[in-house]
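Let me begin by presenting the structure, written as structure tokens, before commenting on it.
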Amino acid sequence: MTRIGGKTPAQDGFRMPGEFEFHKKCWMLWPERPDNWRLNAGPAQKAFTEVARAISRFEPVAMGVSKRQYKKAQSLLPANIEIVEIESDDSWMRDVGPTFVKNDAGEVRGVDWGFNAWGGLNGGLYFPWDKDEKIAQKVLSHEKIDRYKAGLILEGGSIHTDGEGTLITTEECLLNPNRNPDLSKSQIEAHLKQYLNVKKIIWLGKGVFMDETDGHVDNLCCFIKPGEILLLWTDDTKDPQYDISCAAFDRLSNTLDAKGRTLKIHKIHQPGPFYMTEEESRGVKKKQKAAPRDQDSRLAASYVNFYIANKGIVMPLFDDPHDKTALEIVKRLFPEREVVGVHAREILLGGGNIHCITQQQPGA
């Protein structure tokens, strides 16, 4: 693996594929920090194991695991999961891992973004984050894939692309002064166009209510195919999420994608709302330099936060009355894929969900 200097993926003819395109494998990271995951991460590790097990039915899975957790992960994970020794600060591979790009010949490279734990010292979720900053490079080195180093702080959960030149993001996240305060909106757009090879950027306003990532788009909506979007929704006009989803629907309805298409928008009702219980909060070891996990804090739950695998969908379920309808909607939208639900409250308690803890590596 070498670092590519002087050029960008767009200049070299590489683009970020849509998640629904073919994958070589899926990458994850093993949870362990006790100030984010309750009961020394035991329940979270079981949930991550179930996600890895479900995805591995459709494509290979590699799990990055620290040296001190290696034997435990080995004892819990199915034998078909590849375990790679990688030190991390937490377990959000979507945000700290590389964004893979591919050319028409099927060659794959990776983009290594800057990372500051969702805001650095101005609202970030933990300190330090130096191990996380190195994960993209380590994954690419393990895969012997060339690396582009991008001069932009960006998390993978803040972007979605259709693979055909259109990207969706939120102003709440990418324009937050705690990410790239010296860059204007047009300069950020220029970076996205050069490093992901997109032509059209659709800016939504806010992400899911109380999402501690500052509104990652992958919790709010996603491309299910080029020209079609799945959007988190609520019919409760008194819920703060209602206005957020309505505003997103309006923007998506009144724009065209890079190919000049009007977007077809599907709605999926949010679960909950859910709140952290006293027992759940008490199980987290409180530390000064980590995000608080307080009783009665609202959890940013979303059915959109699923992973699109080869011939499969692995989606979060919450033992909620909306689970059944949500499953039916996703099955209808992905008729050629098997939809597998995984009970994911333990992942939600840590601040994200299934899409947040996974990162697809495209194949030829």
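The chain is numbered in sequence order, starting from 1. Values below: all heavy atoms of this structure, side chains included; hydrogens, waters and symmetry mates excluded.
A donor-acceptor pair shorter than 3.5 Å can be found between the side chains of Gln360 and Arg94. The closest side-chain donor-acceptor pair between Arg293 and Asn36 falls under 3.5 angstrom.
A centroid separation of 6.0 Å or more is found between the aromatic rings of Phe115 and Trp113.
A search for ring pair (Phe, Tyr, Trp, His ring centres under 6.0 Å) contacts involving His142 returns Trp27, not counting sequence neighbours. Remark: Lys24 pairs with Glu143, Gln361 by the side-chain contact (heavy atoms from CB on, under 4.5 Å) rule, at least two apart or across chains. In this structure, His191 has no ring pair (Phe, Tyr, Trp, His ring centres under 6.0 Å) partners at least two apart in sequence or on a different chain. Applying the ring pair (Phe, Tyr, Trp, His ring centres under 6.0 Å) test to Tyr303 and every residue at least two apart in sequence or in another chain returns Phe318. Taking Glu228 as the reference, Ile224, Lys225, Lys264, His266 meet the side-chain contact (heavy atoms from CB on, under 4.5 Å) condition, with sequence neighbours excluded. Residues satisfying the ring pair (Phe, Tyr, Trp, His ring centres under 6.0 Å) test with Phe22, not counting sequence neighbours, are none. In this view, Glu32 and Arg68 satisfy the salt bridge (Lys or Arg N to Asp or Glu O under 4.0 Å) rule, not counting sequence neighbours. For Glu133, there are no salt bridge (Lys or Arg N to Asp or Glu O under 4.0 Å) partners at least two apart in sequence or on another chain. For the side-chain contact (heavy atoms from CB on, under 4.5 Å) test, residues two or more places apart in sequence or in another chain that qualify with Leu77 are Trp30, Thr49, Ala52, Met63, Ala73, Ile81, Ile83. Checked against side-chain contact (heavy atoms from CB on, under 4.5 Å), Lys67 has the following partners two or more places apart in sequence or in another chain: Glu85, Glu87.
More than 12 heavy atoms of other shown residues, nucleotides or ligands fall within 6.0 angstrom of atom NZ in Lys185.
The salt bridge (Lys or Arg N to Asp or Glu O under 4.0 Å) analysis of residues 300-326, with sequence neighbours excluded, yields the pairs Lys324-Glu328. The ring-ring contact (aromatic ring centres under 6.0 Å, His included) analysis of residues 338-364, with sequence neighbours excluded, yields the pairs His160-His355.
Note: His23 and Tyr307 have tilted aromatic rings, judged against thresholds of 30 and 60 degrees for the angle between ring planes.
Shown are Arg261, Arg15, Lys259; of these, the side-chain hydrogen bond (donor to acceptor under 3.5 Å, both in side chains) with Glu164 is made only by Arg261.
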